[in-house]
J.: 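Take a look at the following structure, please.
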Amino acid sequence: MAKEKKLVEAITPINEDFARWYTDIVMGAELVDYSSVKGCVVLRPYGYAIWENVQRILDGMFKQTGHENVCMPMFIPESLLQKEKDHVAGFAPEVAWVTHGGSEPLAERLCVRPTSETLFCEHYAHVIHSWRDLPKLYNQWCSVVRWEKTTRPFLRSREFLWQEGHTMHETADEAEAETLRMLEVYRRFCEESLMIPVVCGQKTDKEKFAGAEATYTIEAMMHDGKSLQSGTSHYFGDGFARAFDVTFTGRDNSLQHPFQTSWGLSTRIIGAIIMTHGDDNGLILPPAVAPIQAIIVPVAQHKPGVLEAAKALEERLRVAGLRVKTDDSDNTPGWKFAQYEMKGVPLRIEIGPRDIESGSCVLVRRDTNEKVSVSLEKLESAVAEQLAALAKNLYARALENRTNRTYTCLTYDELKATAAEKQGFYKTMWCGDEACEIKLKEELEITSRCMPFEQEQISGVCPVCGRPAKKMIYWGKAY
RNA sequence: CGGGGUGUGGCUCAGCUUGGUAGAGCGCUUGGUUCGGGACCAAGAGGCCGCGAGUUCGAAUCUCGCCACUCCGACCA
């Protein structure tokens, strides 16, 4: 009993205070540490390793779609940032400025990039001359800075890591297709690697990216029913190209502006993983990005043969291509169990004298806590099966949560009552007028999440104003 | 940027009301016994009480200012 009490004290229960639970997990699983600059966190080895796995998988997908990585400067001269007026209006309030070099004031202050559209455009103007130079399919992995007022690890920090893809195309159709193609890459990554179901759709004009013609999003629902924009893809038309004077000679020998896209996914996705899959015992990591996919815990490791047996399992699984570790520290097995549950390791492998005698080991799934004893001969296949089953279950659980928390509302009163009582997606029709969107934000404190690609005709009218509806839309509260 | 909370060994906090030798638990180090759900015993190390001014013979404690972190809102990826 005393032991159980201690376990509860270690992490705030998820349904008691979700925000505190989140902070407990982030610190307890050793993902981050705070630094002396507000909103700038240290990504510790375990947290950074998750990001490295995200990078590796996504980068592979980008290579398959023909994108090349580049590295842009981190400073943007003020005059360059100001060339596209919607863009600068959107970002100006939250940029950090460099005003001095050493002790000398700079002739022109430099902004620390909040995003790199302007830098890419300046560069594209130099390297794009002919339709034969198109498309340009670039991506960069970097950090950007946005001087947020309040901050939370992964969800909202002043400096964060991300990738930003920036492409230029000969035609509008081609650029629009690219925008949607990359959104689909994000969807596949989230659903197939992270086991997070997402709603794909378009943002309203109010919520779209500063300077974009259209913004598309993948929205994920967290455990508590709040929404998290997990990746975005923007279509710019030729607006930036015009503002930055990017031109090329077309097939018909006329001077034209290329059409542009950009798309990004950040370390915020780690917040999504935590808040989608975690539970009262800690983090649960999808196997594809787990730094350790299986943790081997030797039991009674001082007894002859135990550690050797554990190391033999580790070696076999490593050869089979798994990220695996043996914890041979002198902490007790119980301590190790709790520790790796906190860190979200998908599978635990216990091996002790009893197992060695019977030629087996014990596998324990992090999601269900199910224990199975497996013959050592079948180790590799059993581990693979358990990991696959866990991944499948993570997706199913997350989808179930989203389904249970998606509410269809036909009238304003119904929407008001639901938004007041239940956290989730509120599915309604919408007339398309921003006035209705603003009203919902002011009166019900909900914002539009997206207009899903998969549309349904759930009624004929907008519940806010009663006029004919154009689209089905999801509303919610967002992180 | 608005509202709340908190700053005391690495961590969680007590002490402050009523000024007078800086404490506890956990963690850490060393040695020993343990090991199938957060072990136990013993001996140690470790603090300019967030920072700066005041008041006072004397400040962790009282006064003023500042800073940081954190939570809840508004905004973003």
Side-chain angles (χ1 to χ4, degrees), chain A residues 2-12 17-24 26-28 33-41 90-91 93-95 114-115 143-164 186 203 206-210 215 217-220 227-234 262-272 281-282 297-303 306-307 327-342 348-356 361-362 364 369 371 373 441-442 445 447 477-479:
Chain A
K3 282 169 188 168
E4 270 178 34
K5 186 160 183 273
K6 193 170 182 185
L7 255 176
V8 173
E9 279 169 358
I11 314 175
T12 306
D17 184 340
F18 192 66
R20 271 184 58 196
W21 170 87
Y22 179 82
T23 309
D24 288 348
V26 159
M27 300 306 287
D33 182 31
Y34 294 115
S35 79
S36 56
V37 179
K38 177 186 166 69
C40 298
V41 295
F91 281 103
E94 55 182 15
V95 295
T115 179
S143 73
V144 290
V145 169
R146 300 180 186 180
W147 216 250
E148 301 289 347
K149 308 291 185 192
T150 51
T151 58
R152 297 185 69 185
F154 296 120
L155 300 176
R156 195 189 304 117
S157 48
R158 284 183 174 172
E159 182 182 15
F160 58 90
L161 294 168
W162 76 345
Q163 59 70 216
E164 46 178 333
Y186 288 156
K203 285 285 186 187
K206 185 173 182 302
E207 298 285 327
K208 77 183 182 188
F209 181 84
T215 289
T217 178
I218 50 171
E219 294 284 326
S227 182
L228 188 77
Q229 181 175 320
S230 303
T232 49
S233 188
H234 314 290
S262 81
W263 25 276
L265 181 144
S266 74
T267 39
R268 170 178 268 193
I269 202 72
I270 296 175
N281 291 330
V297 178
V299 177
Q301 64 187 28
H302 63 286
K303 293 194 177 164
V306 173
L307 222 46
D327 186 345
D328 59 2
S329 70
D330 55 11
N331 292 303
T332 61
W335 185 91
K336 292 174 188 175
F337 296 166
Q339 178 70 5
Y340 292 99
E341 277 163 12
M342 170 69 92
R348 179 171 81 234
I349 303 175
E350 301 173 17
I351 181 146
R354 293 206 307 252
D355 308 290
I356 292 169
C361 64
V362 175
V364 187
N369 213 30
K371 290 191 182 192
S373 182
K441 182 165 188 177
E442 286 175 354
E445 295 175 323
T447 55
K477 290 183 183 173
Y479 276 101

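Lettering follows sequence order; numbering is per chain, from 1.
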J.: State, with a plain yes or no, whether a side-chain heavy atom of Q301(A) is found less than 4.5 Å away from one of D328(A).
T.: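 Q301(A) reaches D328(A) side chain to side chain.
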
J.: When the distance from CG of D24(A) to P of U12(B) is rounded to whole Å, what number comes out?
T.: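 Atom-to-atom, D24(A) to U12(B), this comes out as 11 Å.
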
J.: Please give, in whole Å, the distance from G37(B) P to D327(A) CG?
T.: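 Whole-Å distance recorded here is 16 Å.
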
J.: Taking side-chain contact (heavy atoms from CB on, under 4.5 Å) as the test, write out the residues that go with Q339(A), two or more places apart.
T.: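 Partners of Q339(A) by the side-chain contact (heavy atoms from CB on, under 4.5 Å) criterion, ordered by chain and then number, come out as E30(A), W335(A), K343(A).
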
J.: When all nucleic acid strands are considered with a 4.0 Å heavy-atom cut-off, which category describes T267(A): base, sugar-phosphate, or nothing?
T.: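 Contact class for T267(A): none.
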
J.: For U29(B), give its Watson-Crick or G-U wobble partner with both distances under 3.5 Å, or none.
T.: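 By the stated definition (distances under 3.5 Å), A43(B) pairs with U29(B).
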
J.: Both distances under 3.5 Å, Watson-Crick or G-U wobble: report the partner of A24(B), or none.
T.: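 When the pairing criteria are applied, U12(B) turns out to be the nucleotide that pairs with A24(B).
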
J.: Using centres under 5.5 Å plus planes under 30 degrees as the test, is H302(A) stacked with U34(B)?
T.: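 Given the distance and angle limits, no, they do not stack.
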
J.: Hunt down the Watson-Crick or G-U wobble partner of C1(B), both distances under 3.5 Å, from any strand shown, or write none.
T.: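 For C1(B), the partner nucleotide comes out as G73(B), under the 3.5 Å rule.
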
J.: When all nucleic acid strands are considered with a 4.0 Å heavy-atom cut-off, which category describes G264(A): base, sugar-phosphate, or nothing?
T.: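 It contacts nothing in the nucleic acid.
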
J.: For A59(B), which nucleotide in any strand shown is its Watson-Crick or wobble partner with both distances under 3.5 Å?
T.: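 By the stated definition (distances under 3.5 Å), nothing pairs with A59(B).
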
J.: With rounding to whole Å, what would you report as the distance between U12(B) and U6(B) at their P atoms?
T.: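 15 Å, rounded to whole Å.
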
J.: Do you see a donor-acceptor pair shorter than 3.5 Å between the side chains of T12(A) and D17(A)?
T.: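 Checked: T12(A)/D17(A) side chains show no N/O donor-acceptor pair below 3.5 Å.
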
J.: Is the shortest side-chain heavy-atom distance between T267(A) and W162(A) below 4.5 Å?
T.: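 T267(A) does not reach W162(A) side chain to side chain.
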
J.: Pick the nucleotide of RNA chain B nearest each of E94(A) and I356(A); which residue has the one closer to the 5' end?
T.: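 On the 5' side of the pair lies I356(A).
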
J.: Any chance the rings of F154(A) and Y22(A) have centres within less than 6.0 Å?
T.: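 No: the rings miss the under 6.0 Å criterion.
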
J.: Does Q301(A) place a side-chain N or O at less than 4.0 Å from the phosphate oxygens OP1/OP2 of C35(B)?
T.: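 Indeed not, no polar side-chain atom of Q301(A) lies that close.
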
J.: Considering every strand and a 4.0 Å limit on heavy-atom distances, what is the contact class for V362(A): base, sugar-phosphate, or nothing?
T.: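 Since a base atom lies under 4.0 Å of V362(A), the category is base.
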
J.: Considering only U70(B), A77(B), G37(B), which nucleotide approaches the side chain of V364(A) most closely?
T.: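 Per side-chain heavy atoms of V364(A), the pick is G37(B).
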
J.: Among A77(B), G36(B), A39(B), find the nucleotide with the atom closest to the side chain of T332(A).
T.: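 Nearest nucleotide to the side chain: A39(B).
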
J.: Using the C1' atom in both, what is the distance from A43(B) to G58(B), to the nearest Å?
T.: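 The answer is 37 Å between these two C1' atoms.
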
J.: Please give, in whole Å, the distance from G36(B) C1' to I349(A) CD1?
T.: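 In whole Å, G36(B) C1' lies 15 Å from I349(A) CD1.
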
J.: Write down the distance separating the C1' atoms in U63(B) and U70(B), rounded off to the nearest Å.
T.: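 Going atom to atom, C1' in each nucleotide, I get 26 Å.
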
J.: Within the 4.0 Å heavy-atom criterion, would you say R348(A) contacts the bases, only the backbone, or no part of the nucleic acid?
T.: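 R348(A): base contact, heavy atoms under 4.0 Å.
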
J.: Using a 6.0 Å distance limit plus a 45 degree cone around the ring axis, check whether R146(A) lies over the aromatic ring of F91(A).
T.: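 Ring-cation test returns no.
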
J.: What I'd like to find out is whether the side chain of L228(A) reaches to under 4.5 Å of the side chain of R268(A), using heavy atoms alone.
T.: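 Sidechains of R268(A) and L228(A): in contact.
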
J.: Choose from G37(B), C35(B), A74(B) the nucleotide whose nearest atom is closest to any side-chain atom of P333(A).
T.: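 So the side chain of P333(A) is nearest to C35(B).
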
J.: Tell me: CE of M27(A) to P of U70(B), nearest whole Å?
T.: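 So the CE-P distance, M27(A) to U70(B), works out to 9 Å.
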
J.: Using atom P of each nucleotide, how far apart are C62(B) and G15(B) to the nearest Å?
T.: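 C62(B) and G15(B) have their P atoms separated by 12 Å.
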
J.: Determine the Euclidean distance between corresponding C1' atoms of C26(B) and A14(B); express it in Å to zero decimal places.
T.: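 To the nearest whole Å, 14 Å.
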
J.: Please determine if a side-chain N or O atom of T23(A) lies less than 4.0 Å away from the OP1 or OP2 oxygen of C71(B).
T.: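 Yes, because at least one side-chain N or O of T23(A) sits under 4.0 Å from OP1 or OP2 of C71(B).
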
J.: Quote, to the nearest angstrom, the P distance that separates C28(B) from C72(B).
T.: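 31 Å, rounded to whole Å.
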
J.: Measure the distance from CH2 on W21(A) to P on C71(B) and round it to the nearest whole Å.
T.: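 Checked: the CH2 to P distance equals 14 Å.
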
J.: Looking at every strand, decide which applies to E148(A) at a 4.0 Å heavy-atom threshold: base, sugar-phosphate, or nothing.
T.: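 Base, at least one base heavy atom under 4.0 Å.
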
J.: When you measure from the side chain of A19(A), which nucleotide among C71(B), A77(B), A74(B) comes out closest?
T.: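 Selected nucleotide: C71(B).
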
J.: Could K336(A) and E341(A) be called an ion pair, given the rule that one side-chain N must be under 4.0 Å from one carboxylate O?
T.: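 Salt bridge between K336(A) and E341(A), a charged N being under 4.0 Å from a carboxylate O: no.
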
J.: Using atom C1' in both nucleotides, what's the gap between G52(B) and C13(B) to the nearest angstrom?
T.: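 G52(B) and C13(B) have their C1' atoms separated by 26 Å.
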
J.: Check the interface with nucleotides 67-69 of chain B: list each N/O to N/O pair with the protein under 3.5 Å, or write none.
T.:
unit_1: C69(B); atom_1: OP1; unit_2: K38(A); atom_2: N; d: 2.7

J.: Are more than 12 heavy atoms, taken from residues, nucleotides or ligands other than K303(A), located less than 6.0 Å from that residue's NZ atom?
T.: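 No.
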
J.: When you get a sec, tell me which of G36(B), A77(B), C71(B) is the closest nucleotide to the side chain of S157(A)?
T.: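 From the listed options, A77(B) comes nearest.
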
J.: Checking all strands, does P353(A) fall into the base, sugar-phosphate, or nothing category for heavy-atom contacts under 4.0 angstrom?
T.: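 Base, at least one base heavy atom under 4.0 Å.
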
J.: Under 4.0 angstrom, heavy atoms only, what part of the nucleic acid is D330(A) near: base, sugar-phosphate, or nothing?
T.: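 Nothing: the residue D330(A), judged by heavy atoms under 4.0 Å, touches no strand.
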
J.: With the side chain of K149(A) defined as its heavy atoms from C-beta on, choose the nearest nucleotide among A74(B), C35(B), C71(B).
T.: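 In terms of side-chain proximity for K149(A), the closest of A74(B), C35(B), C71(B) is A74(B).
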
J.: Side chains of E94(A) and E148(A): closer than 4.5 Å at any heavy-atom pair?
T.: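 In short, these two side chains touch, coming nearer than 4.5 Å.
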
J.: Give the rounded distance in Å between these two atoms: CG of L155(A) and P of G73(B).
T.: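 Going from L155(A) (CG) to G73(B) (P), I get 13 Å.
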
J.: Examine the base of G37(B) for any acceptor or donor lying under 3.5 Å from a partner atom in the side chain of E341(A), and report the outcome as yes or no.
T.: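 Such a pair exists between side chain and base.
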
J.: Using the C1' atom on both, measure A60(B) against G7(B) and round to a whole Å.
T.: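 Going atom to atom, C1' in each nucleotide, I get 12 Å.
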
J.: Could you check whether any side-chain N or O of Q163(A) sits under 3.5 Å from a backbone N or O of L265(A), counting only pairs where one atom can act as donor and the other as acceptor?
T.: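 Yes: the side chain of Q163(A) pairs with the backbone of L265(A).
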
J.: With a 4.0 Å cut-off on heavy atoms, is R20(A) in touch with a base, just the backbone sugar-phosphate, or nothing at all?
T.: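 If one applies the 4.0 Å heavy-atom cut-off, R20(A) turns out to touch nothing in the nucleic acid.
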
J.: Round to the nearest Å and state the distance from E164(A) atom CD to A77(B) atom P.
T.: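 For the pair E164(A) CD and A77(B) P, the rounded distance is 13 Å.
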
J.: What's the closest nucleotide to the F209(A) side chain, out of C35(B), C71(B), A77(B)?
T.: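 In terms of side-chain proximity for F209(A), the closest of C35(B), C71(B), A77(B) is A77(B).
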
J.: Using both distances under 3.5 Å as the test, list the Watson-Crick or G-U wobble partner of C51(B), or none.
T.: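 Answer to the pairing question: G65(B), which forms a Watson-Crick or G-U pair with C51(B).
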
J.: Would you kindly give the CD-to-C1' distance between E445(A) and A74(B), to the nearest whole Å?
T.: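 Spelled out: CD on E445(A) to C1' on A74(B) is 10 Å.
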
J.: N369(A) near the nucleic acid: base, sugar-phosphate alone, or nothing, with a heavy-atom cut-off under 4.0 Å?
T.: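 Base: the residue N369(A), judged by heavy atoms under 4.0 Å, touches a nucleobase.
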
J.: Are W335(A) and G37(B) stacked, counting the six-membered base ring, centres under 5.5 Å, planes under 30°?
T.: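 Stack criterion not met.
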
